[in-house]
Every structure is written in C-alpha cells, then in structure tokens.
Amino acid sequence: MPNYWLFKSEPQSYSIDDLQRDGTTPWSGVRNYQARNFMQAMSVGDEAFFYHSSCAVPGIVGVCLVVRTAYPDATAFDSRSEYYDPKSSPETPRWFNVDVKFLRAFSDVVPLTRLREIATLTNMPLLQRGQRLSVQPVRATEWRAILKLA
DNA sequence: GCCAACGTTGGC
DNA sequence: GCCAACGTTGGC
C-alpha cells in the first residue's frame with residue numbers, strides 16, 4: 001500500500017503545469033526539518049497531491065508520484081542558489097529531496113475553501129490554524145475524499 | 001536552557 | 001498589503 005502526501009508550491013515559483021512540462025523533478029529547496037523528515041519517510045510509489053499556495057485560488061491542483069527516495073539536496077551546496085545553506089555539505093548533508101513525477105492535473109482546482117467544507121478532512125494538517133508545513137502526510141480516507149472532489 | 005528578536009509563510 | 005502563527009537564531 002502506498003502512502004499519501006501533499007506538497008505545497010507557489011505556482012509563480014513552480015506550478016503543476018511546470019511539473020507536467022518537466023515530467024519529473026527533484027523536490028528541492030525544502031528547508032524545514034519536519035518537512036524534510038516526511039520526505040525521508042517516502043517510498044517509491046507513494047502518491048502526493050500538488051497544492052498551489054499564495055495565489056488567487058489556493059488549493060489542490062493535481063497528483064504526482066514519488067519516483068526516487070530522499071537523497072541530498074544539491075541546491076544547498078550551491079552558493080549561487082537561493083536555497084544555499086553553508087551548514088549543509090556533501091559530506092554531511094542537512095537537506096534532502098525526493099524526485100516526483102507528474103501524474104495528473106485536475107480539470108478544476110479543488111479550492112482550500114471547498115476542502116474546509118468537508119467533514120472528513122477537518123483533521124488534515126493543511127486545514128489547521130497557523131500550520132505552514134510545505135510537505136505533509138495525507139490519510140487514505142482523506143485521499144479518497146479529495147479525489148472525489150476533483 | 002531561556003526567550004526576545006527576527007524572518008518567513010500564507011490566507012485573506 | 002496586513003498580520004497571525006510559527007520556526008530559527010543568538011545573546012545571556
């Protein structure tokens with residue numbers, strides 16, 4: 001059985017359309033320990049929702065697939081990258097990323113406001129006040145309920 | 001180890 | 001643009 005997850009991204013930075021174009025991409029740039037730990041817990045075959053944040057209609061816009069387990073995030077080693085972290089080195093990497101592959105873009109975004117209306121989803125981390133995790137787990141019941149909305 | 005200051009996230 | 005919430009930093 002696969003596990004389910006959710007990845008947030010600002011579409012102006014990297015959108016579901018960008019992932020569709022690229023096919024597969026490293027989910028690099030995550031600089032939060034809890035989010036990193038979730039990526040390290042992922043297996044090949046896990047599926048994830050793609051969430052657009054900080055945009056006109058925040059919400060879930062599609063589905064992607066984990067195709068490579070966590071490995072050191074190369075952007076942390078690159079002093080020219082906006083994600084550079086001098087405390088991370090190839091010898092003792094601090095940040096990791098998985099690779100994700102595009103699976104599907106919903107014909108319509110499932111807006112955050114719609115998610116808040118669904119009783120099954122009330123315990124999702126995504127919907128909790130003040131939570132900001134950019135990578136988070138999704139329960140199988142929640143996964144199915146959201147697919148029905150899409 | 002405490003905690004104030006600061007920076008970031010992200011909905012609205 | 002506002003601002004609440006939260007994580008991180010660094011002085012002590």
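Residue numbers begin at 1 in each chain, while the letters A, B, ... track the order of the sequences.
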J.: Evaluate side-chain hydrogen bond (donor to acceptor under 3.5 Å, both in side chains) for Trp95(A) paired with Asp85(A), printing each intermediate quantity in order.
T.: CA-CA 9 Å; Trp95(A) 304 114; Asp85(A) 181 354; 2.7 Å; yes
J.: Using modelled atom types and a 3.5 Å cut-off, is there a donor and acceptor pairing between side-chain atoms of Glu47(A) and backbone atoms of Cys64(A)?
T.: no
J.: Could you state the CD-C1' distance from Glu10(A) to dG11(B), rounded to the nearest angstrom?
T.: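 After rounding, the reported distance stands at 12 Å.
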J.: Indicate for each nucleotide in nucleotides 1-7 of chain B, in 5' to 3' sequence, whether protein heavy atoms under 4.0 Å reach the base (B), only the sugar-phosphate (S), or nothing (-).
T.: ------B
J.: Hey, can you pull the residues of residues 77-100 of chain A with a non-hydrogen atom under 4.0 angstrom from DNA chain C?
T.: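 Residues of residues 77-100 of chain A that come under 4.0 Å of DNA chain C are, in numerical order, Lys87(A).
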J.: Please list, chain by chain and in numerical order, all residues satisfying side chain to side chain contact (heavy atoms under 4.5 Å, CB included) with Thr122(A), sequence neighbours excluded.
T.: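 Applying side chain to side chain contact (heavy atoms under 4.5 Å, CB included) to Thr122(A) gives none.
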J.: What residues from residues 50-60 of chain A pass a heavy-atom cutoff of under 4.0 Å to DNA chain C?
T.: none
J.: What's the shortest heavy-atom distance between Pro26(A) and Asp99(A), and which atoms?
T.: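 Smallest heavy-atom distance, with atoms named: CA-OD1, 3.2 Å.
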J.: Establish, with yes or no, whether the OP1 or OP2 oxygen of dT9(B) is under 4.0 angstrom from a side-chain nitrogen or oxygen of Lys8(A).
T.: no
J.: Could you list by number each residue of residues 109-131 of chain A showing a heavy-atom separation from DNA chain C of less than 4.0 Å, or answer none if no residue does?
T.: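 Heavy-atom cutoff 4.0 Å gives Arg129(A), Gly130(A).
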J.: Which residue pairs pass the salt bridge (Lys or Arg N to Asp or Glu O under 4.0 Å) test with at least one member in residues 56-75 of chain A, sequence neighbours excluded?
T.: Arg31(A)-Asp73(A)
J.: Any chance the side chains of Tyr83(A) and Asp78(A) put a donor and an acceptor closer than 3.5 Å?
T.: no
J.: If we ignore hydrogens and angles and just use 3.5 Å, is the side chain of Glu10(A) paired with the main-chain N or O of Gln12(A) as donor and acceptor?
T.: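 Checking the backbone N and O of Gln12(A) against the side chain of Glu10(A), no donor-acceptor pair under 3.5 Å is found.
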J.: Can any side-chain N or O of Gln131(A) pair as donor or acceptor with the backbone N or O of Gln128(A) at less than 3.5 Å?
T.: no
J.: If every non-hydrogen atom of Ala145(A) is compared with every non-hydrogen atom of Leu121(A), which pair is closest and at what distance?
T.: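 It is CB-CD2, 4.1 Å.
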J.: For Tyr4(A) and Asp46(A), test the side chains for any donor-to-acceptor distance below 3.5 angstrom and give the result as yes or no.
T.: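 No, because no side-chain N or O of Tyr4(A) sits under 3.5 Å from a partner of the opposite role on Asp46(A).
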J.: Are Met42(A) and Val67(A) connected in the hydrophobic side-chain network, where two residues link if heavy atoms are under 4.5 Å apart?
T.: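 No, separate clusters.
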J.: Can you tell me the distance, in whole Å, between the CD atom of Gln136(A) and the P atom of dT9(B)?
T.: 15 Å
J.: So if I apply the ring-ring contact (aromatic ring centres under 6.0 Å, His included) rule between Phe49(A) and each of Trp143(A), Phe7(A), Trp5(A), which one comes out positive?
T.: Trp143(A)
J.: Could you state the atom-to-atom distance from CG of Leu133(A) to P of dT8(C) in whole Å?
T.: 10 Å
J.: If I take atom CZ from residue Arg144(A) and atom CG from residue Leu149(A), how far apart are they, to the nearest 0.5 angstrom?
T.: 13.5 Å
